[in-house]
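Scroll down for the structure; my scribbles are underneath it.
In this text, all values refer to a predicted model and were calculated from it rather than measured experimentally.
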Amino acid sequence: MSIHIRRPVISLVAALTAAASLAACGGNDDSNDGGSGSAKVTAACKLDNPPKSGAAAPTDLDLGKASGKVGVILPDTTSSTRYELYDKPLLAKALKDAGVQADIQNAQGSVQKFASIAQNMIGDGVDVLIIDSIDAASGASVEKQAAAAGIKVIDYDRVNLGGSAPYYVSFDNEDVGKLQAQTMLDCLEQQDVSNPKVIIMNGGTDVDNNAVLFSKGAHTVLDPLKKDGKVDVVGEQTVLGWKNENAPQPFAQTLTSADGVVEGVVAANDGIANAIIGGPLTDNGLAGHVVITGQDASVEGLQNVITGKQSMTIFKDVKLEAQAAAQLAIALIQGKDPASVGLTLSDFSDPKDPNHKIQALLLPAQVITQANVKDVVDAGALTQEELCKGIEDACAELGLS
């Protein structure tokens, strides 16, 4: 991954941190102890009993065969590797197994391409459209066109606020934020770190309501502690557009304002975490000495967890999400009420339009630390060979060889 960093900013942070380290230690120390205030903190974390999701696990349903066509539009290949590696093949298999014709395409981060794909699918007469939009505005526009053509729309993974889709399938994203923040605190508590200095790095809250929900969940955990003086949130930034290259500079600026001292980072996903680890944290001798969260259980993120650079990631078993979306689409094609076939849906409010009634199927996510990395392999998300490629010794130390 190419990370674009404005070196003058990073250099300033490095200078501040170095100065702080010299003042604290009385001289130069080549041991890379993590910088001022972070010497006792390690990113590596093993939680035998990590926080658990409050969302209900889905049930495995056999809805039989259906005859129809489903169009699926995925957003990009850059914000996460999951879409091509997992969502596309899993959705294709689930729909094909039910006898449904699936047209699955990726918009490659272009709202114009997203709109063009949608117009073609609507023109081809799909029965159901499953969309994971790049932003809410373009998603809502597609939903309006689909509704005019009598096509049912399912918001997949990201909800389009202000849109018109009646259904939404995703993980419980507010719960994800809670899991990230609580796991960070648990990893710090395990190391007897009290009153930690924390930086929050939100995802693309400017384009994605999921990022808003992640942040809301994290604040649910952190705000009461901050009020009681048990956590010091020294800064909060947004990684605009979920673009990983937008993470290092605002983090570096926040680190500068915190005098180069941070013990915990709530990073919204693995890509953001990696950009921070490989940029400002490495430049300041803090890589591996700050508890930092992630999300998506990407190969990159999992390897960072194994090698002790990242503390945790969130595993969203995409099999559950793809299966749920496919089951919902099949039920709609069959003309059945989703609740009547065993799908558990709940009311989901749209703050931009109180008249937009959404039925949501929200799924549980799982915390992954060094203690349970193998759970991702056991779930079939990737192979042990893929997980451990290039870091075989680190895997062996955790008993993954």
Side-chain angles (χ1 to χ4, degrees), residues 1-46 184-185 187-201 231-237 239 244-267 270-294 300-301 303-313 369-370 390-391 393-394 397:
M1 178 182 298
S2 175
I3 302 171
H4 304 289
I5 304 173
R6 296 185 182 180
R7 290 294 172 188
V9 175
I10 302 301
S11 298
L12 176 59
V13 179
L16 286 170
T17 304
S21 297
L22 286 170
C25 301
N28 187 24
D29 183 1
D30 294 327
S31 64
N32 189 27
D33 68 355
S36 174
S38 300
K40 64 180 179 179
V41 177
T42 176
C45 183
K46 294 181 180 179
M184 177 195 69
L185 294 173
C187 291
L188 287 166
E189 183 180 9
Q190 192 178 61
Q191 301 177 55
D192 297 322
V193 177
S194 59
N195 303 321
K197 294 185 180 296
V198 172
I199 294 175
I200 300 173
M201 295 298 292
V231 170
D232 183 7
V233 179
V234 298
E236 181 170 4
Q237 298 281 357
V239 180
N244 297 330
E245 62 267 26
N246 291 338
Q249 183 182 348
F251 181 87
Q253 292 171 337
T254 304
L255 188 59
T256 299
S257 67
D259 296 326
V261 180
V262 63
E263 288 150 328
V265 177
V266 179
D270 292 342
I272 291 172
N274 189 66
I276 293 169
I277 293 166
L281 292 184
T282 293
D283 289 350
N284 290 281
L286 291 169
H289 295 279
V290 174
V291 170
I292 182 168
T293 71
E300 175 182 76
Q303 290 195 340
N304 280 338
V305 169
I306 291 169
T307 57
K309 297 175 184 176
Q310 184 174 321
S311 309
M312 62 83 75
T313 186
T369 69
Q370 285 189 346
I391 59 165
D393 290 345
E397 289 182 11

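- Atom CG in L281 sits 5.5 Å away from atom CD1 in I292 (nearest 0.5 Å).
- Here CD of E300 is found 3.5 Å from CG of N274. Values are rounded to the nearest 0.5 Å.
- Considering all non-hydrogen atoms of both residues, P196 and L188 come closest at CB-CD1, 3.6 Å.
- Remark: N195 engages no residue in a side chain to side chain donor-acceptor pair (under 3.5 Å) (not counting sequence neighbours).
- Here the straight-line distance linking atom CD of E189 with atom SG of C45 works out to 11.0 Å at 0.5 Å rounding.
- Across all non-hydrogen atoms, the minimal contact from S311 to A43 is OG-O, 2.6 Å.
- With sequence neighbours excluded, the residues that form a side chain to side chain donor-acceptor pair (under 3.5 Å) with D270 are S298, Q310, T313.
- For the residue pair A287 and T282, the shortest heavy atom distance occurs at CB-OG1, 3.6 Å.
- Between I306 and Q370, every side-chain heavy-atom pair lies at or beyond the 4.5 Å cut-off.
- A donor-acceptor pair under 3.5 Å is formed between the side chain of H289 and the backbone N or O of V41.
- Two residues are said to be in side-chain contact when any heavy atoms from C-beta on lie closer than 4.5 Å; L286 and L255 meet this criterion.
- For the side chain to side chain donor-acceptor pair (under 3.5 Å) test, residues two or more places apart in sequence or in another chain that qualify with Q237 are T254.
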### Query
Run the side-chain contact (heavy atoms from CB on, under 4.5 Å) check on V198 and V234 step by step: do they pass?
CA-CA 6 Å; V198 172; V234 298; over 6 Å; no
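- Contact record, P248 with P280: O-CG, 3.5 Å, taken as the closest heavy-atom pair.
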#### Entry: Chi angles and distances behind the side-chain contact (heavy atoms from CB on, under 4.5 Å) call for F251, V239
CA-CA 9 Å; F251 181 87; V239 180; over 6 Å; no
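- Atoms CG and CD, on D232 and E263 in that order, are 9.0 Å from each other to the nearest 0.5 Å.
- Shown here is Q191, whose CD atom has more than 12 heavy atoms of other residues, nucleotides or ligands within 6.0 Å.
- A side-chain donor-acceptor contact under 3.5 Å links T293 to the backbone of A267.
- V231 is listed as a side-chain neighbour of L185, based on a closest heavy-atom distance under 4.5 Å.
- Taking both residues in full, the closest heavy atoms of V305 and T369 are given as CG1-C, 3.9 Å, listed atom of the first, atom of the second, then distance.
- The shortest heavy-atom contact between M201 and V265 is CG-CG1, 4.2 Å.
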